[in-house]
Structures are given as structure tokens and as C-alpha cells.
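Only one structure is covered here, and it is reproduced in the block below.
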Amino acid sequence: MSNDSPIIVTAERVEKSFGPLAVLKGIDLTVRKGEVVVIVGASGSGKTTFIRCINHLEKIDKGVIKVNGHLIGYREKNGKLVEDRERNIAQQRREIGMVFQQFNLFPHLTALGNIIEAPIHVRGDNRDEAIRTGRALLARVGLAEKENVYPAQLSGGQQQRVAIARALAMRPALMLFDEPTSALDPEMIGEVLEVMKELARDGMTMIVVTHEMGFAREVAHRVIMMHGGWIVEDAPPKQFFNHPQHERTKAFLSRVVTHGP
Amino acid sequence: MLFDWAFFWHYLLQPSKIYLNGLMLTLCVSVIAQGVGTVVGLFGALAGSSRLKFLRFVVGFYVWVMRGTPLLVQIVFIYTGLAAANIFRFEDIDLGFLTLPGNIQAGILALTLNEGAYMAEIIRAGISSVGIGQTEAAKSLGMTYWLYMRRIILPQAARVIIPPLGNEFNSMLKNTTLLSVIGVPELLLATQMVTSATFRVFELYLVVACYFLSLTTLWSFVQRYLERRYGDQKSQVGLAKQSSGFSRLVGLGNSSESK
């Protein structure tokens, strides 16, 4: 990945408030194809809100977000931005995979059922083909033998791996991870991070909100520090961890416990 | 007046045609009103959680009126009241193979509208029992509203909706007797017609009670099947132990289930 790789995500002057509380005050970010961007910051810094804006699970109040050149959630009408039609928003979301803190697997469907649901009913894939791809994805996250098991019978780590496979089944151009290991028991964090590392190695464009500093150090191309609704630092991991520029980053790094390898 | 057992057994075991017709009518009216009422309730529940304030208001008003007034009053109002006020008169409709009398149409409409209000509340509760994370996951995969409602939310809401739905139909079977006041010859009115000819009131009312008990008993078996099929999450580790048919029937809780 280099500076002339195509741009996957652009965010310009993104602002977002919940009532009187301004959560994002003007976020600018560009992510190129194949980049792994890790966002860190204290809770309340707006990092989760920001990645939820990228697939329009949260509406933005000002600014623009584009993924693969498509304006997300809005369209231009007489020079102004208006919220897009549901159908178009859904269309845009197909190319953005998302992994949630709480996994959010569909409990009434098996592991394989979770994975093939959207390919069949959203994209209109042939069922046999979807099953073939779904099995391959399950194998890729190391759960080939669990295809007929329901989420409640899987451990947290296994559920999150199925959730990653489910998102990948839509062949997204971008994967968003919203604190994917925060709800997991410590002994299961590793297996999920391993799948994410593999994904990064395969060249997936990823934006990851996490507290796993080991992952950031090892896998990220850029680490971003958010504070009070702003991006205060955006640097390669070496520089970020060894020579942080901003006071907030220094304070944050001195507080966090470094896990992992 | 002594209770005439022979008379009772005779009418119970060899019901006259008027009884059987009443039974058929009770069943048909119940099934139609419950079926359509459930659909009305589904749309009521969806409209009630709409972003449009106007829709929410309409549904809220509808549920408020239907749940806040007696069903008997609603039935009389729709059939007799509307006609007396010259707003709408239910006329017999000739369907070719049978004629559908105006009072039956009005009765089905009243039961349907009443049921729709209750079902709207039940379905709304079912939908809101499904966590917001499910909707977000479905949306993030590119699903639109109707698709994720149909494929993701409603199948999970069914677990919460099915048990009260079964109870609603049980009530519906019995509520059809209220249609006797507008002259629908369902089971109760059929009984009344026979009593006025025979003066055997207790015997015949016991017969009609037995008929309803048979209907609701048969339904309880269907309900049990439905709950097992849709109510229990296949995903739950260790299926809840099923209570025996009899204890379920007479309403005895299985101790392992009651907690």
C-alpha cells in the first residue's frame, strides 16, 4: 500500500451532536486501499460514533463521508445535501462490512445461516454458491466444523469470528471494527485478533476502534488518537507509540496497559 | 325443573343441524377475524413505531379506542349504530356459492378491528423485545426495512408474540358469542333458538359450554405445537422441558418452568 493506492474512505469536516453534546467536532480522514487504521482514545472521545457514521448507522450533522467515491447517507440536491433514500443507503452499506462489540449474530440462524443470509437475500446469490462461499469463510476463521451450530452454543470468541465471516461474505471494500474484542473474555481475545491480522495481511482495508495496543503496534499502518471529538494525532505506529507529539496522546499512552505480543 | 340428562346427552352427541351450522360459523368467524386482525395488528405495530408522527398518532388513537370500549358496544355500534346514523349499512353479499349476510360481515369487521388493536400491542412488544443490535447488524449487511423485518426481526419477535397470540385466539373463539346480539346464528344464538323451542335452558347451555370447551381444548393442542415450533429458540442451549399435555391443559405450571 502506497500513497498512490486508491482512496477508499474520505471524511471531511464531519460533525455530529447528540442533542447539546457535540461528539464529533470536525473529523478529516483519508484511508487508502489496503490500509489498516486503528483509532484509539478514551471513552467519550467519539471514536465509536465516528466509525458508525461511516456506514450511516449514525447520521452526520455536517461534513461529508465518501466510501469508494460514493457519498454515504446523503445525496446532493440543488447544491444541498439531503438524506438519501433507504434503498440507496442499503446499497452503499453492502460494500462496508461492520463488526460489532456485541457480535450481534442472528440468534435464530446457524453459523452458516448467519453468513449466507445477506448474500442470498441482499445480493441475490444462488443458494448453493452462497453456501460454498460461506463454508470457505467459516474455514478461514477456523470454524469449519461449526456451520450448523447456533450462536448461543458458541463462545464469545467464536461468535465474533462468525460475525467477521458474515461481514466478509458481502465482499466489502472496507471493514469497520467497533471494539471487536471489548466484550470478550481475555483468553478469547487472541483468536479474534489473529483472524483480523490475517485479514490485514490479505490486504483488506480496515478501520479498527480498539484498546488492543499490541494489535495497533503490530498490524496498523496508522494509529489515530481521538480526543474530545477531534483527531489529535495520526501517525505510523512506531512514531505514535515511541514519539507521540500531542500531550493527550502522551497522557493516554501512559495510562493504557499494553496487551499482546 | 329437573335436569334432563337424556336430553343433554342427546343434544351433545347428536347435535341438530342448527348447532353444527353455529359451530361452523363460530369457527369461520374466529379464524377470519383472528387472521385479518393479526395482519391489522402487524401493520398497526409497524406504523406505531414509524418515524411519522401522524401515523403514530392514528395507531395510538385506534388502540386507545378499541381497547377502551367494550367489544359488545363496538359490535352494536358497527352494525346497528352506523346504519341508524345513515353512515353505512351492511348489505348481504352474494358470493355465488353462498350469501354473506350483512350482520356477519359487520360482526367479523368488529372482531377484526378489536383484535387488531390488541395484536398491535402484542406485536409491538414482540418487536421491541429484539435488541437494537439486530437491526444494526442487518442494516450493516445492506438489508432494507422490509427485508430485515421479515428475515431477522419478526422471526425473533415470534418467540414473544406466539404465546399471547394463542391466548387471543382462545378469547376470540368465546367472543364470537357476542355476535348473537346482532343476530349472527353462531353457537350461542343457535342454542338460544333451540331453548326457546324446548325450554331446556340448563341442558342446552351445558351443551354449548361443552362445545366451547372442546374447541378451546383442541386449540390448546395447536397452541402447544406452535409454541414448540416457533416459541422455543432452537438456538437456546438445552430446550426448556415441555410440560405434559394434561398439566398444560388444566393450567398447572411445571415446577421446572415456573421459575
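Letters A, B, ... are given to chains in the order of the sequence lines, protein chains preceding strands, and every chain is numbered from 1. This is a predicted model, so every value here is computed, not measured.
Contacts of A:L105 with chain B are made by backbone atoms alone, with heavy-atom separations under 4.5 Å and no side-chain atom involved. Of the atoms belonging to A:L57, it is side-chain heavy atoms, and not backbone ones, that fall under 4.5 Å from chain B. Residue contact with chain B, scored on non-hydrogen atoms closer than 4.5 Å, involves the backbone and the side chain of A:R166 alike. Contacts between B:L147 and chain A at a heavy-atom distance below 4.5 Å involve the side chain alone, from C-beta outward.
Considering all non-hydrogen atoms of both residues, A:P107 and B:Q156 come closest at CG-OE1, 3.1 Å. Between B:A137 and A:F100, the shortest heavy-atom contact is CA-CE1, 3.6 Å.
At distances below 3.5 Å, at least one donor-acceptor pair connects side-chain atoms of A:E86 with backbone N or O atoms of B:Y145. A donor-acceptor pair under 3.5 Å links the side-chain atoms of A:H108 to the main chain of B:R151, judged by distance alone. Checking side-chain atoms of A:N104 against main-chain N and O of B:G133 turns up a donor-acceptor pair under 3.5 Å.
Between A:E117 and B:L141, every side-chain heavy-atom pair lies at or beyond the 4.5 Å cut-off. No side-chain heavy atom of B:P155 sits less than 4.5 Å from a side-chain heavy atom of A:F106. Within the 4.5 Å cutoff, the side chain of A:N55 has no heavy atoms near those of the B:K139 side chain.
With values rounded to the nearest 0.5 angstrom, A:L109 atom CG is found 5.5 Å from B:I152 atom CD1. Taking CZ of A:R94 as the start and OG of B:S140 as the end, the distance is 13.0 Å to the nearest 0.5 Å.
When each of A:H56, A:H121, A:M170 is checked for heavy-atom pairs under 4.5 Å with chain B, A:H121 comes out on top.
Other residues, nucleotides and ligands contribute at most 12 non-hydrogen atoms within 6.0 Å of the CZ atom of B:F77. In the displayed structure, A:R75 atom CZ is contacted under 6.0 Å by more than 12 heavy atoms of other residues, nucleotides or ligands. Within a 6.0 Å sphere centred on CZ of B:F61, other residues, nucleotides and ligands contribute 12 heavy atoms or fewer.
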